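Reviewing the structure listed below.
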Amino acid sequence: MNFFTCKRFKSTLVVIVSLFFLCLSTVLYAEDGYRLWLRYESVKDVQKLTSYKELIKDLVIFGNSPTMNAVTKELTFGTTGLLGKKIPVNIKLTSDGSILAGTLDQLKKLVPSELLERVNQMGEEGFGILTLKISQKKCIIITAKSDIGVLYGTYHFLKLLQTNQDINNLSIYEEPKIKLRLLNHWDNLDRTVERGYAGFSIWNWHKLPGYIDQRYIDYARANASIGINGTVLTNVNANALVLTPEYLIKVKALADAFRPYGIRVYLTARFSAPIELGKLKTADPLDSTVQVWWKNKIDEIYSYIPDFGGFLVKANSEGQPGPQNYGRNHADGANMLAGALDAHKGIVMWRAFVYDNNVPDDRAKQAYNEFKPLDGKFRKNVLVQVKNGPIDFQPREPFHPLFGTMPQTPLMMEFQVTQEYLGFSTNLVYLGTLFQECLMSDTYSKGKNSPVVKIIEGNFESHTLSGMAGVANIGNDINWCGHPFAQANWYALGRLAWNPEQMPETIARDWVRMTFSNSELVVKPVTAMMMASHEIAVNYMTPLGLHHIMGWSHHYGPGPWVKNKQRADWTAVYYHKADTLGIGFDRTESGSNALSQYAPEVQNTYKTLESCPEAFLLWFHRVPWDYKLKSGNTLWDEMCYKYYSGVDSVRWMADTWNSLEGQIDTERFNQVKMLLSMQEKEAIVWRNSCVLYFQTFSKRSIPSSLEKPEKSLEYYMNLKYSFVPGN
Ligand code: GCW
């Protein structure tokens, strides 16, 4: 007997081989974040798992359209992963425990029609998930009027399993409250992403149309799972090239890949395209040659993509061309495009984020001034897309005054999911609460209880169109968004676009359960961190209504000292107006009177120093440094406390996260740990820069209980950041 045949060798070999496979499997299944919230890990709760196995024996799926094939794939993949065993697909109902998925039409032979009546009353995208007895057999049916509805129902059903819900007696009916639920990619054709912090664009234009990256399919799956039904592929700072045949065949390839998942493709239209591509002398929307050019272009686009969604347009803003170049207004521009799109049921989303060529007394007033007079002048297939606040996605803004003041025009919400002003992809900031704060703000446009959400749902005027868009935070990073928690913002956008009345906490909990763990030991603290995170960032960046004091141009880090640029309204000093007497932008009657753009009840709330919620104090008022706030502190002291509490709270988030070691997979645990430590450093830079800079005006000392900034103001002002992403 030699060593190689001895028992000892054999068992050593077994150990080595098993270790090898174990290592290999951890490498293969490393939690790199790619799977987003669709991980379908096997259910850990033994009781739940047993009951799911009891209730889910097989899948019976009707229809074989591309969408129904997606349903089959997702249901098989999802249930197999969650239940830890292969769930077979059958063609007919054979025993208890079938999951039946199909449209009403397909199911009507099996299911008594009165049981499905409620689904029949819903729109095309709605669905029902019901526990029923059919031919004495207990089953769960997922049904809808359309295949897409069945797909949405499928994801909802899988979410129930992913979040360990009871599925014994289901009676769920859901339909979206908003029609257009879109991502806006600010992706350029060279694959850079404006304000993108997760690598390069996921659209690999060079390899399209021949190469369909699996990422496109996974992107579509992720979007469909949260109800997103459209994507604008290109940057609003548009390049006309995307409208040429060279690119249209690539756009078509993406549209084909997304179609089974209910996602329509939209493009940004560069207003001067007739000049750049068509060699016309003008892009005047009232010029007939221009109109013909666009009509032909639009017909051409539809010849490639029959269900093309339409255009998103940024015009006469930040140097982009538009109708005002020809003495026309936004309605003239939008209607010209909408006219040509209408023949194909396409739409125009015309952005209200505009800039005058002249620097105004208050930039916050511009959109209202330009758009309000145009209410009622837009064609039926135009939506005006309005950012949540009147300046520009600041860490905190009051709601945009256009909400509620253009009743005859469907207004579409534009949120920013990418964290341009909220710490890029190094800061953990959950945006569900920011979105909700805006959606729930009462505009009083129809008296009390006229929140923004009702305006965008189109409740008051029953517009045929309604929409919500989020500027995407997606790039080609392995985890899509750069920060594991940034995925939650993509997720929240989709969930809120489907139903903007949902609670951000519910959404956060679901996301944590699907993304990390169902254990309450994880769900509770992580949800608490997420729910607090936006306010924390506001505290260390722009407390008490401060805004637009970030680093010049790239917007990374603080820059309250930024002044003397091309336009005053691109500087920080224009917005904070700090001097030895006080700080803040007076937007009341004694100042720019931007407040007058809101309903009288809203004006009353913000009008006086006493009535104004402190979160918006310096947004609406100029306040003396010694002014006493509700806490009894002076404005200066309170500002210091806010900045310091912001940093302390980041430390609390880091401690909370670090206490979860062992309960989260190592890879993502370490990623978030490192990022939180970076966030702490960045928060300190924000705090120290702002406190030291504003101190040069307030001439007051930092309250003695607070640690002194370790470096000088000069040090912070001289920090240089080269090649900041997204710029
Ligand atoms: O906030 C500003 C951004 C620009 C962006 C613009 C917009 C796409 O800094 O990068 O341009 O908003 O929304 O159009």
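When a ligand or atom number is given, it counts from 1 through the structure's own listing order. Just so it is clear, the structure is predicted and the values come from calculations on it, not from any experiment.
Of all protein heavy atoms, the one lying nearest to atom 6 (C) of ligand 1 is Glu318 OE1, 3.1 Å. Protein heavy atom in closest approach to atom 14 (O) of ligand 1: Lys314 NZ, 2.6 Å. Of all protein heavy atoms, the one closest to atom 12 (O) of ligand 1 is Lys387 NZ, 3.2 Å.
A donor-acceptor contact closer than 3.5 angstrom links the side chains of Tyr355 and Arg363. Side chain to side chain, Tyr421 and Asp392 meet the donor-acceptor criterion of an N or O pair below 3.5 Å. A donor-acceptor contact under 3.5 angstrom links the side chains of Asn223 and Trp490, judged on distance only. Remark: the Asp375 side chain and the Thr409 side chain contain an N/O donor-acceptor pair separated by less than 3.5 Å. If you check the side chains of Asn184 and Gln385, you find a donor sitting under 3.5 Å from an acceptor.
At least one N or O atom of Glu420, backbone or side chain, sits closer than 3.5 Å to an N or O atom of ligand 1.
Counting heavy atoms closer than 4.0 Å to ligand 1, residue Trp186 contributes side-chain atoms (C-beta onward) but none from N, CA, C or O. Contacts between Tyr355 and ligand 1, counted as non-hydrogen atom pairs separated by less than 4.0 Å, are absent for every part of the residue. By the criterion of a heavy-atom distance under 4.0 Å, the side chain of Asn235, and not its backbone, is placed next to ligand 1.
In this structure, Gln416 does not count as a contact residue of ligand 1, since none of its heavy atoms falls inside 4.0 Å of the ligand. Ligand 1 is never approached by Gln320 to a heavy-atom distance shorter than 4.0 Å.
We find that Glu318 and Lys314 are joined by a salt bridge, their nearest charged nitrogen and carboxylate oxygen being less than 4.0 Å apart.
For ligand 1 and Phe353, the ligand atoms under 4.0 Å from any heavy atom of the residue are 6 (C), 7 (C), 12 (O), 13 (O), 14 (O). If you number the atoms of ligand 1 from 1 as listed, the ones under 4.0 Å from a heavy atom of Asp392 come out as 1 (O), 2 (C), 12 (O). The Arg195 neighbourhood of ligand 1 comprises atoms 3 (C), 4 (C), 9 (O), 10 (O), with distances under 4.0 Å to a heavy atom of that residue. Applying the 4.0 Å criterion to heavy atoms of Val236 picks out, from ligand 1, the atoms 8 (C), 14 (O). Every atom of ligand 1 with a heavy atom of Glu194 under 4.0 Å away is listed here by number and element: 4 (C), 5 (C), 8 (C), 10 (O), 11 (O).
Ser553 contributes atom OG, which lies 9.0 Å from atom CH2 of Trp570 (distance to the nearest 0.5 angstrom).
Classified by interplanar angle (parallel below 30°, tilted 30° to 60°, perpendicular above 60°), the ring pair Tyr266/Phe308 is tilted.
Considering only heavy atoms from C-beta on, His185 stays 4.5 Å or farther from Val232 through its side chain.
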